[in-house]
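Taking it in order: structure first as structure tokens, then the write-up.
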There are 2 protein chains.
Amino acid sequence: MSLEQLETVVAIAEEGALVRAARRLHISQPPLTRRLQALEHELGTVLFERLPRGMRPTPAGERVVAEARQILAAVDRLRTHVEDP
Amino acid sequence: MSLEQLETVVAIAEEGALVRAARRLHISQPPLTRRLQALEHELGTVLFERLPRGMRPTPAGERVVAEARQILAAVDRLRTHVEDP
DNA sequence: CATGCTTACGGATCACGTAACCATG
DNA sequence: CATGGTTACGTGATCCGTAAGCATG
């Protein structure tokens with residue numbers, strides 16, 4: 001698991017589609033497909049339902065997204081605490 | 001910043017030396033030197049004092065290690081919450 | 001001279017982007 | 001046929017390990 005993967009699932013959840021998440025992360029779509037697949041494989045769970053129009057989080061996905069947000073916030077705090085103790 | 005880097009600083013702080021942290025992480029020393037340097041460079045702060053015998057965290061290093069531990073714990077919780085909701 | 005950190009270097013792996021493909025409304 | 005996700009493939013970047021170097025008690 002990597003922080004990039006956590007950013008990825010949060011972005012997908014908020015944008016509702018890989019295409020838009022990709023634009024937001026300044027990356028192309030295929031890497032996002034692969035990051036998500038890798039995380040789903042590592043966790044052994046499907047995190048998003050593939051709809052015709054986009055992506056919708058599964059219940060497990062919802063939980064992962066919520067915890068990912070907290071982890072990323074803690075990382076941001078770490079960064080700012082170093083600059084401004 | 002990566003989770004591996006956070007694991008690295010925690011291991012260095014607990015072992016007091018790169019050599020021992022390297023053994024604990026099943027890796028050789030040079031990668032640890034580089035991981036630490038990369039993180040210090042990214043944060044713009046020296047995290048460990050280089051002693052003749054080993055490494056001692058600076059005040060900033062202490063804070064980073066403490067927050068890193070919390071982040072890594074949150075990541076572990078995420079993993080277990082997925083297996084056992 | 002033993003311990004421990006750092007730098008150099010070559011090679012394997014990873015992760016990207018482009019392109020092609022597939023599915024659905 | 002427009003939108004959006006996935007798969008294939010080649011290339012550039014990353015990261016490791018070995019080896020050599022350097023400092024200190």
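Residue numbers start from 1 in every chain, and the chains themselves are labelled A, B, ... in the order their sequence lines are given, proteins ahead of strands. All values derive from a computational prediction rather than experimental measurement.
At a threshold of 4.5 Å between non-hydrogen side-chain atoms, the residues A/Arg23 and A/Glu15 do not count as touching. Side chains of B/Met55 and B/Glu49 form no contact here, defined as non-hydrogen atoms less than 4.5 Å apart. For the pair A/Glu7 and A/Val10, the minimum side-chain heavy-atom distance is 4.5 Å or more.
Listed by chain and number, the residues in a side chain to side chain donor-acceptor pair (under 3.5 Å) with B/Gln37 amount to none (sequence neighbours excluded). Taking the side-chain contact (heavy atoms from CB on, under 4.5 Å) definition, one finds that A/Gln5 meets it with A/Met1, A/Ser2, A/Ala38, A/Leu39, A/Glu42, sequence neighbours left out.
Atoms CD1 and CG, on A/Ile12 and A/Leu25 in that order, are 8.5 Å from each other to the nearest 0.5 Å. Atom-to-atom distance recorded for B/Leu6:CG and B/Glu4:CD is 10.0 Å, nearest 0.5 angstrom.
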Report task. Take A/Ile71 and A/Leu3, measure what side-chain contact (heavy atoms from CB on, under 4.5 Å) needs, and give me the verdict at the end. Result -> CA-CA 9 Å; A/Ile71 292 166; A/Leu3 295 175; 4.2 Å; yes
Query - Steps toward side-chain contact (heavy atoms from CB on, under 4.5 Å) verdict (B/Leu72, B/Arg69) - result: CA-CA 5 Å; B/Leu72 295 171; B/Arg69 268 195 259 261; 5.9 Å; no
Sequence neighbours excluded and cut-off under 3.5 Å, please list the side-chain donor-acceptor pairs for residues 56-67 of chain B, or say none.
| residue | atom | partner | partner atom | Å |
| --- | --- | --- | --- | --- |
| B/Thr58 | OG1 | B/Val46 | O | 2.9 |
| B/Thr58 | OG1 | B/Leu47 | O | 3.2 |
| B/Thr58 | OG1 | B/Gly61 | N | 3.0 |
| B/Glu67 | OE1 | A/His81 | ND1 | 3.3 |
| B/Glu67 | OE2 | A/His81 | ND1 | 2.6 |

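When DNA chain C is scanned 5' to 3' for any atom under 4.0 Å from a heavy atom of chain A, the first and last hits are C/dC16 to C/dG25.
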Report task. Summarise protein proximity over nucleotides 4-9 of chain D in one line of letters, 5' to 3': B for base, S for sugar-phosphate only, - for none, counting protein heavy atoms closer than 4.0 Å. Result -> SSBBBB
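When the local axes at the two ends of the helix from C/dC1-D/dG25 to C/dG25-D/dC1 are compared, using 5 base pairs at each end, they differ in direction by 20° after rounding to 10°.
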